[in-house]
Amino acid sequence: MAYQFNGTSIEHDEEGFLEDIGQWSEDLANHIAQTEDLTMTPEHWEVVNFLREYYQEFQIAPAIRVLTKAMGKRLGAEKGNNKYLYELFPYGPAKQACKIAGLPKPTGCV
Amino acid sequence: MLHLVNKSPFERKNLDACLKHAKPGSAILLYEDAVYAALTGTAVTDTMTGAAGTFAVHVLEPDLAARGLGTDRLIAGVRPVDYGGFVDLTEKASSVQAWL
Amino acid sequence: MTDLTETDPAAGEQVVKRFMYVNRKAPHGTVYALEVLEMVLISAMFEQDVHVAFLDDGVFQLKKNQDPGRLEMKDFSKTYRALEGYGIEKIYVEQESLDDRGLAAADLVIPVEVIGRAAMTELMAEMDVVLSA
């Protein structure tokens with residue numbers, strides 16, 4: 001399975017997570033978001049960028065509870081909660097946002 | 001003869017067996033978890049310091065780096081090699097024995 | 001030792017058990033270290049009293065400056081630094097294991113509690129569940 005995008009084919013698993021995180025780009029993120037019926041706003045990008053930084057630092061995608069806690073610490077309580085994140089990513093912030101960010105499925109997400 | 005060892009000397013006896021059976025002067029390459037045997041300041045340093053005088057002991061540098069170990073911690077006489085050096089050792093050897 | 005942490009399941013309260021994950025393998029030669037780490041991260045979701053111990057070759061998992069990129073492997077030594085965010089802060093390293101391997105607490109990627117073998121023995125005995133790999 002693959003995203004057909006800009007004339008290239010980018011492999012993903014059965015749930016849409018990239019096989020190779022190295023193939024991620026902002027354009028691809030927009031494309032994946034479209035396939036999820038999402039339009040990326042600055043608020044979406046804030047979460048996606050946060051996730052990418054987290055992955056860079058720790059080499060894992062955070063579990064949702066860890067994501068909300070870490071976002072709250074950095075960006076304030078109004079953004080570090082489930083409600084805010086689910087409004088942005090209705091199919092689950094950890095799963096959907098990680099997919100758009102090009103990360104693997106979160107560790108601890110069973 | 002080139003002897004290949006890839007198990008941690010703290011956990012397994014592969015390196016001991018190799019040292020007991022290898023002919024003086026033969027080459028030994030430590031790679032994967034066996035690179036821990038090449039360090040100063042450990043429980044096997046004395047044994048390996050002796051071995052480095054008897055054998056031509058080499059250690060695979062990418063496996064050291066993967067484990068956060070620099071060549072500055074190597075026992076005197078132990079030579080770091082890269083993958084090219086590994087191939088050279090194999091080509092030079094009349095035969096290769098892997099102590100798996 | 002069973003009464004203090006357990007509450008009555010019939011009352012709908014969660015039973016909190018003392019878990020210990022014991023790491024005894026060096027990080028890159030086998031898959032054990034990574035598998036245990038993933039288990040620990042998942043266990044953090046279940047609100048248990050999680051302890052993580054490193055002894056024997058397991059202490060090598062925490063060595064600073066690991067660079068397994070050339071082996072085309074992920075540097076999961078960075079992931080130990082995520083444990084704090086997952087609420088896992090009871091991390092113990094055995095002194096004798098460090099000594100045998102020429103390592104000290106300053107060589108490790110995270111702050112840990114370094115304890116002697118006798119104290120590790122006592123700690124293990126206090127656990128409800130110990131998983132060792």
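These numbers come from the heavy atoms of this one structure, side chains and all, not from hydrogens, waters or symmetry mates. Labels below follow one simple rule: chain letters A, B, ... track the order of the sequence lines, proteins then strands, and each chain is numbered from 1. Please read all numbers here as calculations on a predicted model, not as lab measurements.
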Exercise. Any residues in residues 24-55 of chain A near chain C, with a heavy-atom distance under 4.5 Å, and which are they?
Worked result: A:Tyr54, A:Tyr55

Exercise. Atom CZ of A:Phe58 and atom CG of C:Asp75: how far apart are they, to the nearest 0.5 Å?
Worked result: 13.0 Å

What heavy-atom pair brings [X] and [Y] nearest, and what distance separates the two atoms?
| X | Y | value |
| --- | --- | --- |
| A:Lys69 | C:Gly85 | NZ-O, 3.1 Å |
| C:Ala44 | A:Arg65 | O-NH2, 2.8 Å |
| C:Thr79 | A:Gln59 | OG1-CB, 3.7 Å |

[atom1] ([X]) with more than 12 external heavy atoms under 6.0 Å:
| X | atom1 | answer |
| --- | --- | --- |
| A:Glu15 | CD | yes |
| C:Tyr32 | OH | no |
| C:Lys74 | NZ | yes |

For this session: For the residue pair C:Lys78 and A:Glu57, establish whether any side-chain heavy-atom pair is separated by less than 4.5 Å.
Result: no

Problem set entry | Student check: side-chain heavy atoms of A:Ile60 and C:Tyr86 closer than 4.5 Å | yes

